[in-house]
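Step one of this worksheet: look at the structure below.
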Amino acid sequence: MASLVRHVTIDCADPYALATFWAQVLDGTVSEDDNPGDAEALVESAGAPLLFIRVPDGKAVKNRVHLDLQPQDRSREEEVERLLALGAKLLDDRRTADGRGWAVLSDPEGNEFCVERSHTERIATGGA
């Protein structure tokens, strides 16, 4: 059998705070073993778990890998607004007039991620 992704690891300055943000984004939970000030924090949700690890150096360049989110129970626009209210920032708006495209956001520590159309929106616009 091939390897499986155990979790996606994200370097950060404050693992617990960033894990709390992402738990809200993904409707997940921060591990009950993790507390503010810990060197790592794990978020479990319906997708792959996210592990946040404290590192001494700050983010300096664009991420080489990023998460693409697909809303499950709301539109892309509703999800972007929800994430902005949680503390994300809109970095680049690639949404198009025909309903396609995506929005590039960043989490509170500047890590980029994208919000794509929901499955329902993809069907409505003829996209996969």
Side-chain angles (χ1 to χ4, degrees):
M1 177 173 194
S3 295
L4 297 174
V5 174
R6 181 167 176 230
H7 41 66
V8 176
T9 302
I10 299 172
D11 293 349
C12 60
D14 187 341
Y16 191 82
L18 202 54
T20 300
F21 169 82
W22 279 100
Q24 292 175 327
V25 169
L26 301 172
D27 193 26
T29 58
V30 177
S31 173
E32 61 185 37
D33 295 331
D34 297 324
N35 296 291
D38 286 352
E40 61 183 53
L42 180 69
V43 171
E44 297 181 280
S45 66
L50 301 180
L51 179 63
F52 298 88
I53 303 280
R54 177 178 295 116
V55 296
D57 47 314
K59 183 176 177 303
V61 298
K62 182 181 179 301
N63 296 4
R64 300 266 322 233
V65 175
H66 68 269
L67 303 178
D68 287 339
L69 306 181
Q70 183 182 45
Q72 299 300 297
D73 60 352
R74 60 185 57 97
S75 71
R76 176 188 54 210
E77 278 63 31
E78 292 168 328
E79 184 68 349
V80 167
E81 291 305 315
R82 183 180 80 87
L83 299 176
L84 293 173
L86 290 175
K89 293 182 182 171
L90 181 64
L91 298 180
D92 190 10
D93 194 339
R94 303 239 177 146
R95 295 173 281 189
T96 61
D98 66 359
R100 290 177 159 73
W102 60 92
V104 181
L105 285 78
S106 67
D107 69 20
E109 289 202 17
N111 300 300
E112 298 91 1
F113 63 96
C114 295
V115 180
E116 299 180 350
R117 296 174 288 162
S118 69
H119 178 70
T120 303
E121 290 172 304
R122 287 179 177 278
I123 291 169
T125 57

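Atoms CG and NE2, from Leu105 and His66 in turn, are 11.0 Å apart once rounded to the nearest 0.5 Å. Here the straight-line distance linking atom CD1 of Ile10 with atom CG of Leu67 works out to 5.5 Å at 0.5 Å rounding. Atom OG1 of Thr20 sits about 11.5 Å away from atom CG of Leu86, to the nearest 0.5 Å. Going from atom OG of Ser106 over to atom CG of Asn111 covers 8.0 Å, rounded to the nearest 0.5 Å. Rounded to the nearest 0.5 angstrom, Lys59 NZ and Glu109 CD are separated by 10.5 Å. A distance of 9.0 Å separates CD of Glu77 from OG of Ser118, quoted to the nearest 0.5 Å.
Salt-bridge check for Arg76 with Glu79: failed, with every basic side-chain N at 4.0 Å or more from each acidic carboxylate O.
For the pair Phe52 and Pro15, the tightest heavy-atom approach, listed with the atom from each and the gap, is O-CB, 3.5 Å. The two atoms that bring Glu78 and Arg74 nearest to each other are OE1-CB, 3.2 Å, heavy atoms only. Shortest non-hydrogen contact noted between Ala88 and Phe21 is N-CE1, 3.9 Å. Considering every non-hydrogen atom in both Gly28 and Ser45, the closest pair reads CA-CB, 3.9 Å. Taking both residues in full, the closest heavy atoms of Arg82 and Val25 are given as NH2-O, 2.7 Å, listed atom of the first, atom of the second, then distance.
Between Phe113 and Trp22, the angle of the ring planes goes over 60°, which puts this pair in the perpendicular group of the 30/60° scheme.
The backbone N or O of Asp38 lies less than 3.5 Å from a partner atom in the side chain of Arg54, making a donor-acceptor pair. Side chain of Arg94 to backbone of Arg100: no donor-acceptor contact under 3.5 angstrom is found. In this structure, the side chain of Asp34 engages the main chain of Leu42 through a donor-acceptor pair within 3.5 Å. At least one donor-acceptor pair closer than 3.5 Å links the side chain of Gln72 to the backbone N or O of Gln70.
With a 6.0 Å radius and a threshold of 12 heavy atoms from other residues, nucleotides or ligands, Asp57 has its CG atom above the threshold. At most 12 non-hydrogen atoms from other residues, nucleotides or ligands lie less than 6.0 angstrom from NE2 of His119.
Residues Leu69 and Leu26 meet the side-chain proximity criterion, which asks for heavy atoms closer than 4.5 Å. A 4.5 Å side-chain heavy-atom check between Leu18 and Pro108 finds at least one atom pair inside the cut-off. Looking only at side-chain heavy atoms (C-beta outward), Val80 and Asp93 stay at 4.5 Å or farther from each other. Proximity of His7 to Thr9: side-chain heavy atoms (C-beta onward) are separated by under 4.5 Å at one or more points.
In the hydrophobic clustering of ILVMFWY residues, with side-chain heavy atoms under 4.5 Å counting as a link, Val104 and Val8 come out apart. If you chain together hydrophobic residues whose side chains sit under 4.5 Å apart, Leu83 and Leu90 fall into the same group. Under the 4.5 Å side-chain heavy-atom criterion for ILVMFWY residues, a single connected hydrophobic cluster contains both Trp102 and Leu91.
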